[in-house]
Structures are given as structure tokens and as C-alpha cells.
Amino acid sequence: MSAIVLDGKAIGREIREAARARVADLERRTGRAPGLAVVLVGRNPASRLYVSNKMKACSEVGIRAQLHEFDASVAEAAVIRRVEELNADPSVNGILVQLPLPAHVDIRAVLRTVALEKDVDGFHLYNVGGLALGETVFPPCTPYGVMKILEHAGIEIEGKNVTIVGASNIVGKPMALMMMRREATVAVCHAKTRDLAQYTILADILIVAAGVPNLILPQMVRTGAVVIDVGINRLADGRLVGDVDFEGVRRKASYITPVPGGVGPMTVTMLLVNTISAAERAAGLAPAPAAQPAEDETEPAA
Ligand code: NAP
């Protein structure tokens with residue numbers, strides 16, 4: 001068996017085409033393109049690269065992106081003040097605070113300051129809680145991107161065994177909640193899970209977001225499983241790899257995402273989609289989130 005490789009770049013390209021059309025429509029109807037403000041604190045090279053990719057993607061679809069940079073020593077209050085200013089700025093539809101933040105800045109306090117209707121990363125307390133209850137305003141971009149990859153490939157979720165390796169607030173936990181809402185049977189594993197393989201081998205859909213290269217080996221994967229590799233790891237020789245032994249596992253899986261070129265481009269794409277949705281709602285061209293049906297987390301189709 002050789003798995004079908006799920007090309008996140010190509011899927012993302014299709015969604016971005018539709019996003020460009022939505023931006024053009026918004027501009028025609030409101031006279032203004034959607035705006036995204038990115039808050040970046042410190043000089044973490046990975047963060048800077050992610051931010052520059054996101055800003056480039058914005059400009060490609062016509063979203064106006066503005067960067068708000070702070071030195072790593074900035075006071076928490078100054079970051080919060082800037083977020084409050086961005087909340088009040090009608091030209092800004094989405095606010096993204098690039099994580100991680102320096103240790104002296106309380107991530108929760110900063111994220112809680114982001115106005116709900118501009119929380120395009122989906123990290124606000126309300127959005128995270130809303131995922132559990134079906135009142136999400138913005139689905140967090142990485143799990144949203146994973147859902148779109150599965151949807152694009154026509155992979156059913158209902159009734160499937162889904163194992164998620166990684167339980168972080170930004171990937172593993174929201175992924176689990178989204179899968180539960182789609183009526184999957186979900187197992188969530190983390191660093192203290194005993195005998196990881198006993199969970200991974202049960203998975204019809206295995207989603208890995210641990211940040212550990214080669215964590216998932218072929219013998220841990222059920223024949224015919226769908227394997228989604230969220231991990232991004234830079235090896236000593238400079239290569240970028242995921243958490244899955246891609247060459248080994250692709251011989252056993254039915255579908256697999258590569259790294260790079262799998263989930264990564266979809267994360268950025270879904271940020272664009274969320275920002276456009278925010279602008280459409282602000283302009284009254286899309287229903288307010290509360291009016292959306294509970295199962296709407298993968299909508300609007302971009
Ligand atoms: P994180 O906050 O470090 O969380 C990692 C999670 O994996 C934790 O729950 C941790 O368990 C678990 N874990 C660590 N080692 C493990 C092991 N040996 N076995 C089982 N579970 C293990 O990381 P994150 O922000 O979620 O990111 C995870 C990976 O995804 C990273 O490689 C990151 O670069 C990548 N990522 C990619 C995208 C994308 O767009 N493709 C977006 C975000 C993140 P504990 O909870 O017990 O510590």
C-alpha cells in the first residue's frame with residue numbers, strides 16, 4: 001500500500017483563490033479591504049518567519065496586514081494597550097498575537113484582551129470554550145486547516161476512531177473538541193501517556209502534533225489509517241520534518257500529509273479565511289456568529 005499524499009499547498013491554493021474573490025467582493029461593496037494586525041514580541045527567528053509568511057499570504061489575497069513589533073523586554077501593559085487600540089480601530093478586522101510571548105508577559109491576559117469579533121486565531125477564552133459548546137466565533141486555524149484537508153479528501157469523520165497525539169491549547173485540545181463535535185471517538189495522548197502505540201494503533205484517523213521527530217513509526221499505525229502530521233521540527237542538518245516517519249508510514253497509511261507542504265500552508269490559509277469572515281461580519285454581509293448553526297465550525301467554505 002502507498003498512501004495518497006494530501007497536498008496542503010494545493011488545497012490551500014484553491015481556498016485562497018476563493019478568498020481572493022471574497023476580498024474583491026468586500027472591497028467593491030464596502031470600499032475597504034479586510035485588515036489584519038499582527039503583534040510580534042521579541043526576535044524569535046521561527047516566530048518572525050511565521051509572521052512574514054502570514055503577512056505575505058495576506059497581501060497575495062488582498063488583505064491589508066500591518067505589523068506591530070515590540071522588543072522582548074516590553075511591559076505586558078504596553079502589549080495589552082496596543083491590543084486595546086487595535087480593538088478600537090475599525091480598519092482592523094483581525095488581531096493575531098504571535099506566540100510564544102516572553103515569559104514575563106501573561107499570554108492569557110493578552111489573548112483575553114483581543115476583541116471577540118477580531119480573534120481570528122481563535123485563542124480567546126470564549127472561542128476556546130465555545131468550541132466545547134458549539135458557539136465558536138472563529139475556529140483556531142491549525143485544527144480548522146486539518147478539518148478542511150479531511151473534507152477536501154472526502155474522508156468521513158463520524159463514528160471513526162481518532163487519536164490525537166499532543167494536547168496543547170492551540171492544536172491538540174481544539175482538534176479533539178472539533179472531532180468530538182463531528183461524532184468521532186477521540187483519544188488524546190500527551191507526553192505522559194503510557195504506551196502511546198496502544199492508542200495510535202486504534203486510530204482510523206491519527207493526528208500528530210507533539211513536536212518530536214520520528215515519534216510515529218509504521219508499527220504504531222493501523223493499515224489503511226489516515227495520518228495527519230502537524231509537527232514541524234528543524235533537524236540539526238537544517239531539514240524540516242514532521243513527527244511522523246513519513247517514508248515508513250506512507251507504505252501503511254491510506255492518506256498522509258507531508259511536512260513541509262501539508263498542514264502548515266492550511267494554517268495560514270485558514271487565518272485568511274477567518275480574517276475575511278471577520279470583515280464580512282463587521283460589514284453586515286455575513287451573519288453574526290451567534291446566528292450560525294452549531295455544526296458550522298468548518299464554514300464558511302472559502
Ligand atoms: P506544544 O505546546 O509543545 O505541545 C506539544 C504536545 O505534545 C503536548 O501536549 C505534549 O505533552 C505532547 N508531547 C510531547 N512529547 C510527546 C511524546 N513523546 N509523546 C506524546 N505526546 C507528546 O506544541 P504545539 O504548539 O501544540 O505544537 C506541536 C507541534 O506542531 C510542533 O512541532 C509545532 O511546531 C507544530 N505546529 C505546527 C503548526 C502547523 O501549522 N503545521 C501549527 C502549530 C504547531 P504534555 O502536554 O504532556 O507536555
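Order of listing sets the numbers, starting from 1, for every ligand and every atom in it.
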Does any N or O in the side chain of [X] come within less than 3.5 Å of the main-chain N or O of [Y], such that one atom is a donor and the other an acceptor?
X	Y	answer
Arg222	Lys252	no
Asp229	Asp243	yes
Asp119	Val114	no
Arg64	Ser91	yes

Check ligand 1 against [X] and write out every atom of the ligand that is under 4.0 Å from a heavy-atom position of the residue.
X	value
Val165	20 (C), 21 (N)
Gly264	40 (O), 41 (N)
Gly166	6 (C), 7 (O), 9 (O), 12 (C)
Val212	15 (N)

Practice task
Pick one of side chain, backbone, both or neither for how Ile232 approaches ligand 1, counting any non-hydrogen atom pair under 4.0 Å.
Solution key: both

Exercise for the section: Would you mind telling me if ligand 1 is within reach of the side chain of Val259, the backbone, both or neither, using heavy atoms under 4.0 Å? Expected result: neither

Exercise for the section: Pick, from Asn169, Leu215, Val241, Val171, the option with the minimum heavy-atom distance to atom 44 (C) of ligand 1. Expected result: Val171

Handout entry: Identity of the nearest option to atom 26 (O) of ligand 1, non-hydrogen atoms only, from Ser168, Gly242, Ala46, Cys141
Key = Ser168

Exercise for the section: Verify whether one side chain among Thr267 and Thr142 offers a donor that lies under 3.5 Å from an acceptor in the other. Expected result: yes

[X] N/O under 3.5 Å from ligand 1 N/O:
X	result
Asp243	no
Ile170	no
Ala191	yes

Practice task
Please indicate, with yes or no, if any protein heavy atom is found under 4.0 Å from atom 3 (O) of ligand 1?
Solution key: no

Exercise for the section: Check whether NZ of the Lys or CZ of the Arg Arg81 lies under 6.0 Å from the centre of the six-membered ring of Phe70 and within 45 degrees of that ring's axis. Expected result: no

